[in-house]
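One structure below.
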Amino acid sequence: MFYVAFVASLGGLLFGFDTAVISGAEKSIQAIYGLSDFAHGFTIATALIGTIVGALFCGKPADKYGRKKSLIIIAYLYFVSAVFSAIIVNWYSFMFFRFLGGLAVGASSVVGPMYIAEISPFRWRGRFVAFFQFNIVLGIVTAYLTNYCVVGIPHDWQWMLGIEAIPAIIFAVLLLTVSESPRWLVKQNQTDKARLILEKTGETEIEKEIQEIEESLANADKVNEKLFQKRYFTPILIAFCISTLNQLTGINAILYYAPRIFELSGLFREGAMLQSIIIGITNLIFTMIGMAVIDKVGRKKLIGIGSIGMFVSLFLVARGFYLTQFEGYYMLLCVMGYIAFFAVSLGATIWVVISEVFPNSVRAKGQVFGSMTHWVWSALLSWFFPMFLSIGGTYIFGFFSLIALASLIFAIKLPETKNKSLEKIHKELVGLK
């Protein structure tokens, strides 16, 4: 089961790498093409527009052809995007291949957590789905490290983007060695294969699990069950809220533009990238902490604790911009505090919660909805963030801090899902029998 989760989570590593690698290249891209802040923000957001499309349309292929085949196609998209984003120097072509990479990111954010949730025994599900988030963060750190290693060499921004082709090919090859989702196999009337996979992945009550899966599908049209109906209001609301809060605390805007934010404190480009690595390592460490405790502490408490820490950290960043207090390590420490509390809370829980709250019959559609909501906010925020930053960071970081405070209210209202089978969660949230 650990191996299966590791392989599936490599899609998360590529997700994180593709997300963060642009931070090292974005200023060079703006200079090379002579872009205004608006056009520059749109260029960076092109990949994020691709994530929206990828998240929106990957659900049906994942239901029709299976989670495993969908992940293989995603790996090839990552590869093509990396190679041609690096070697094409026409602005329009660059945006097209970044858009393809965005398709892969959006699709992997849906299919990866869904696949892991469906194949994991319930007692381990939280930490294995959180392993996807761990790999996202590992990919971010890897991107920051590779950016720092190649900065200053001729055409450094092209090398930064092209390196992603290597893990993309490794991901595609390793996917050939793992099994299909047992829940998808039951939907396809391949119950014997599903039994074998449940046995391999450590499920102890196989027949009971098969029966629960079949019962959850019994009263639903296996292909055309609609997501947007009254009985699914609660899981839809949960997915929308956690996706919105995740992005509107500013995480992706900060990761995409980390070197630029640190340059505002007077650092040179190399120093700003080095501080970005520190941010990435902080993210990685606290994501690991979140993974270790998510099935013990629970999703609810993690988000509640994290929301308070994020609010304080983001408020201090906004205060720093207002008073222009960037001396020493003020900005670095404040952003590190935000990243730490985000990683252990909204970062560690988002994909777990979205993958858990929807019933088997509409999980693909629900995962699409949650992921698409996440990427719409990410695209809009990343597009307009350079303009907000040029006005002054006080207002935008003040807004982020208020959203972090709103996540505390969400945590208080969120039903706890730890140590429950997917089918039991659905009975509680939706009333399915």
Test side-chain contact (heavy atoms from CB on, under 4.5 Å) on Val53 and Phe99; report intermediate values, then the result. CA-CA 9 Å; Val53 178; Phe99 175 82; 4.1 Å; yes
Does some side-chain heavy atom of [Y] sit less than 4.5 Å from a side-chain heavy atom of [X]?
X	Y	value
Phe57	Val368	no
Pro167	Leu13	yes
Cys241	Leu237	yes
Trp375	Ile49	no
Ser313	Cys334	no
Val376	Met372	yes
Val141	Asn283	no
Ile163	Thr142	no

Can you confirm whether [X] is buried at [atom1], in the sense that more than 12 heavy atoms of other residues, nucleotides or ligands lie under 6.0 Å from that atom?
X	atom1	answer
Phe315	CZ	no
Gln190	CD	yes
Phe384	CZ	yes
Phe233	CZ	no

Inter-residue atom distance [X].[atom1] - [Y].[atom2], 0.5 Å rounding:
X	Y	atom1	atom2	value
Trp159	Asn147	CH2	CG	14.0 Å
Leu380	Leu248	CG	CG	9.0 Å
Leu174	Phe6	CG	CZ	6.5 Å
Leu161	Ile87	CG	CD1	12.0 Å
Thr249	Phe341	OG1	CZ	13.5 Å
Leu196	Thr191	CG	OG1	11.0 Å

Check whether the ring centres of Phe388 and Phe385 lie less than 6.0 Å apart, and answer yes or no.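 No - the distance between ring centres of Phe388 and Phe385 does not fall below the 6.0 Å cut-off.
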Suppose we call two aromatic rings close when their centres sit under 6.0 Å apart. Are Phe228 and Phe369 close by that rule?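 Yes, they do, as the ring centres are separated by less than 6.0 Å.
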If every non-hydrogen atom of [X] is compared with every non-hydrogen atom of [Y], which pair is closest and at what distance?
X	Y	value
Ile303	Ser407	CG2-O, 3.9 Å
Leu77	Leu100	CB-O, 4.3 Å
Ile350	Ser243	CD1-CA, 4.0 Å
Ser81	Asp18	OG-OD2, 4.5 Å
Ile116	Ser9	CD1-OG, 3.5 Å
Arg183	Glu118	NH1-O, 2.6 Å

Examine distances only and state if a side-chain atom of [X] and a backbone atom of [Y] form a donor-acceptor pair shorter than 3.5 Å.
X	Y	value
Ser85	Ala82	no
Arg299	Ile294	yes
Glu180	Arg67	yes
Ser371	Gln367	no
Thr46	Phe42	yes
Lys68	Val178	yes
Lys365	Lys226	no
Lys300	Leu414	yes

Taking the six-membered ring for Trp, are Phe342 and Tyr338 parallel (under 30°), tilted (30 to 60°) or perpendicular (over 60°)? tilted
For the residue pair Tyr115 / Ser70, report whether a side-chain donor-acceptor contact shorter than 3.5 Å exists. no
Verify side-chain contact (heavy atoms from CB on, under 4.5 Å) between Leu381 and Phe400, making sure each step is shown before the conclusion. CA-CA 11 Å; Leu381 195 57; Phe400 291 159; 3.8 Å; yes
Run the side-chain contact (heavy atoms from CB on, under 4.5 Å) test on Leu71 and Val7 for me, step by step, so that the C-alpha distance in whole Å, both residues' side-chain angles and the decisive distance to 0.1 Å come before the verdict. CA-CA 10 Å; Leu71 286 171; Val7 173; over 6 Å; no
Taking it one step at a time, do Asp63 and Lys60 satisfy salt bridge (Lys or Arg N to Asp or Glu O under 4.0 Å)? CA-CA 5 Å; Asp63 270 343; Lys60 286 187 177 180; over 6 Å; no
Could you go through Thr146 and Val150, starting from their C-alpha distance and side-chain angles, then the distance that decides it, and tell me whether this counts as side-chain contact (heavy atoms from CB on, under 4.5 Å)? CA-CA 6 Å; Thr146 56; Val150 303; 5.6 Å; no
